[in-house]
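No hydrogens, no waters, no symmetry mates; every other heavy atom, side chains included, goes into these values.
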Amino acid sequence: MTELAAVKAALKTQAVETPSWAYGNSGTRFKVFAQAGVPRTPFEKLDDAAKVHEFTGVAPTVALHIPWDKVDDYAALAKHAEQRGVKLGAINSNTFQDDDYRLGSVCHPDTAVRRKAVDHLLECVDIMDATGSRDLKLWFADGTNYPGQDDVRARQDRLAEALAEVYERLGDGQRMLLEYKLFEPAFYTTDVPDWGTAYAHCLKLGPKAQVVVDTGHHAPGTNIEFIVATLLREGKLGGFDFNSRFYADDDLMVGAADPFQLFRIMYEVVRGGGFTSEVAFMLDQCHNIEAKIPAIIRSVMNVQEATAKALLVDREALSAAQRAGDVLEANAVLMDAYHTDVRPLLREVREEMGLDPDPIAAYRACGWAEKIVAERVGGRQAGWGA
């Protein structure tokens, strides 16, 4: 197999999970912006996700968020997904939208509140059993706003206790993916603020616990690719939540603000074997002012482009330059791959997969946008509320 053929083959196996919540209404802290044709039920979210997979060929699974996607019959939801050509993916918990969680959830000083939060996490594992999902995604908004508000170390103890109980509930082939976030909504201390804290907890829990890297959850200037390389080296990188940030956790479309950073991250993924391992790639974005389905299609394409460039890095030439201490040549090898226009290559890949070479144009021509605007009238649109 030639080098180019190998790159094409790798790109055809790529899978990017899309999030159910990205198909619903979202917005800023001040306003949620409604759009015509937005799904009203988890079933309609899957219908939209199926269109993304239909035109990209690499978005075969859809992450659910509980309780946003709670249904009475998860087997029926899974069957609906299968009928549309997709499958249900990670189950994301929600311990941040209830009044009881004002001072935290699993780290809350009140035992009853902690019990409520852990019971929700256990419910999510039950849903995993019903849907066949592999991953439980955990993100906690827990933290404090003021010095002295709570015992920082005790909160870590409470977190560890909660995680251990949920970990023991996981079945064979199931994983716990722990996400971290620098700040927000807690501004003095956040209970899982960085990859080191997440890694420490996951290391103590065992092999079923791994770290999730959200590309927006870092301070400006943070070398995310170093974090990725380190977690891959330790066998603890469970997945990504892809998005793009400019100031903080902006949740913009992946690759929108800094496509070079996305390329650097994907190079470390390729170099570290993460592209062919169990690392889960998922979008976690908010489409506040742009049309949702085309934005998600474009996001998947952005990940494809960064991956293609990463696969095109001449690793032999790069290694030779690094061994020789040729700083400029090593950088040039990396930059040559980054500056390669991979769009013609990806058009060829799509054509070989039996897809339209231009997913955005194909979607716009299919009439789905007009269909859902006309048919999804009445009811309550999915979203975060007004």
Side-chain angles (χ1 to χ4, degrees), residues 6 9-11 13-17 60-61 63 89-93 121 124-125 128 132-140 156 159-182 191-218 222-243 254 261-284 303 306-307 310-311 313 315 318-319 322:
L11 290 168
T13 66
Q14 187 165 30
V16 180
E17 187 162 288
T61 58
I91 302 300
N92 292 254
S93 62
L121 302 183
C124 288
V125 181
M128 292 170 66
S133 299
R134 179 189 65 175
D135 295 336
L136 172 66
K137 186 85 69 63
L138 304 179
W139 172 71
F140 300 108
Q156 289 297 307
L159 173 63
E161 182 179 354
L163 292 176
E165 181 176 349
V166 178
Y167 186 89
E168 288 303 314
R169 170 64 182 82
L170 294 175
D172 294 338
Q174 293 179 336
R175 306 189 305 175
M176 171 192 293
L177 304 184
L178 182 58
E179 189 174 346
Y180 59 90
K181 189 174 186 180
L182 177 66
D191 291 311
V192 190
D194 50 39
W195 71 275
T197 305
Y199 173 73
H201 282 284
C202 289
L203 190 64
K204 186 173 182 179
L205 287 165
K208 292 182 181 180
Q210 295 191 305
V211 180
V212 171
V213 175
D214 184 305
T215 51
H217 289 185
H218 303 85
T222 299
N223 191 315
I224 300 174
E225 55 269 33
F226 172 81
I227 298 171
V228 170
T230 302
L231 290 174
L232 274 170
R233 181 175 180 270
E234 297 298 324
K236 279 295 183 181
L237 180 63
F240 284 95
D241 279 3
F242 280 127
N243 54 60
V254 59
Q261 180 190 66
L262 180 60
F263 160 74
R264 300 193 312 265
I265 290 170
M266 290 310 300
Y267 173 70
E268 291 302 332
V269 170
V270 170
R271 185 255 179 271
F275 188 65
T276 55
S277 70
E278 296 299 311
V279 176
F281 301 95
M282 193 195 81
L283 303 178
D284 184 9
V303 175
T307 305
L311 289 166
V313 172
R315 291 172 61 181
L318 181 60
S319 294
Q322 290 170 342

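- Contact detail for Tyr167 and Met176: the closest heavy-atom pair is N-CE, 3.5 Å.
- Between Met282 and Val212 there is no side-chain heavy-atom pair separated by less than 4.5 Å.
- Separation of atoms CD (Gln156) and CG (Leu163) is listed at 9.5 Å; rounding is to 0.5 Å.
- Among Ile224, Val213, Ile227, the one residue that satisfies the side chain to side chain contact (heavy atoms under 4.5 Å, CB included) test with Ile265 is Ile224.
- Contact between Gly238 and Leu177 at its shortest, heavy atoms only, is CA-CD2, 3.9 Å.
- A heavy-atom distance below 4.5 Å is found between the side chains of Tyr180 and Val211.
- In this structure, Tyr267 and Phe263 have tilted ring planes: the angle between them lies in the 30° to 60° band.
- Atom NE2 of His218 and atom CG of Asn223 lie 10.0 Å apart (nearest 0.5 Å).
- When all heavy atoms of Leu262 and Ala306 are compared, the closest pair comes out as CG-CB, 3.5 Å.
- Nearest heavy-atom pair, Leu232 versus Gly274, reported as atom, atom and distance to 0.1 Å: CD2-CA, 3.7 Å.
- Around CD of Glu161, the count of heavy atoms belonging to other residues, nucleotides or ligands within 6.0 Å does not exceed 12.
- To the nearest 0.5 Å, the span separating CG on Leu283 from OG1 on Thr215 amounts to 9.5 Å.
- In terms of modelled atom types and a separation under 3.5 Å, the side chain of Lys236 and the main chain of Thr230 share no donor-acceptor contact.
- We find the CG-CG distance between Leu159 and Asp191 to be 6.5 Å, quoted to the nearest 0.5 Å.
- Ser133 places no side-chain N or O within 3.5 Å of a backbone atom of Ala90 that could act as its donor or acceptor partner.
- Within the 3.5 Å criterion, the main-chain N or O of Leu231 finds no donor-acceptor partner in the side chain of Tyr199.
- Atom CG of Leu205 is separated from atom CD of Glu168 by 9.0 Å, given to the nearest 0.5 angstrom.
- Contact annotation: the side chain of Val279 never approaches that of Val269 to less than 4.5 Å [non-hydrogen atoms, C-beta and beyond].
- The aromatic rings of Phe281 and Phe275 lie tilted to each other, with the angle between the two planes from 30° to 60°.
- Across all non-hydrogen atoms, the minimal contact from Val270 to Ala310 is CG2-CB, 4.0 Å.
- In this structure, the side chains of His201 and Val192 stay at 4.5 Å or more apart for every pair of heavy atoms.
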Derivation and outcome, side-chain contact (heavy atoms from CB on, under 4.5 Å), residues Leu136 and Gln174: CA-CA 8 Å; Leu136 172 66; Gln174 293 179 336; over 6 Å; no
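- The two residues Ala63 and Glu17 come nearest to each other via the heavy atoms CB-OE2, 3.2 Å.
- No donor-acceptor distance shorter than 3.5 angstrom exists from the side chain of Asp241 to the backbone of Asp284, with no hydrogens or angles considered.
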List the steps, then state whether side-chain contact (heavy atoms from CB on, under 4.5 Å) holds for Met266 with Phe240. CA-CA 11 Å; Met266 290 310 300; Phe240 284 95; 5.5 Å; no
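- Rounding to the nearest 0.5 Å gives a distance of 12.0 Å between SG of Cys202 and CH2 of Trp195.
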Might you work through the salt bridge (charged side-chain N to carboxylate O under 4.0 Å, His left out) test for Glu278 and Arg175, ending with a clear yes or no? CA-CA 11 Å; Glu278 296 299 311; Arg175 306 189 305 175; 5.6 Å; no
Applying side-chain contact (heavy atoms from CB on, under 4.5 Å), run through Asn92 and Trp139 and close with a yes or a no. CA-CA 8 Å; Asn92 292 254; Trp139 172 71; over 6 Å; no
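- In this structure Arg271 satisfies the salt bridge (Lys or Arg N to Asp or Glu O under 4.0 Å) test with no other residue, sequence neighbours excluded.
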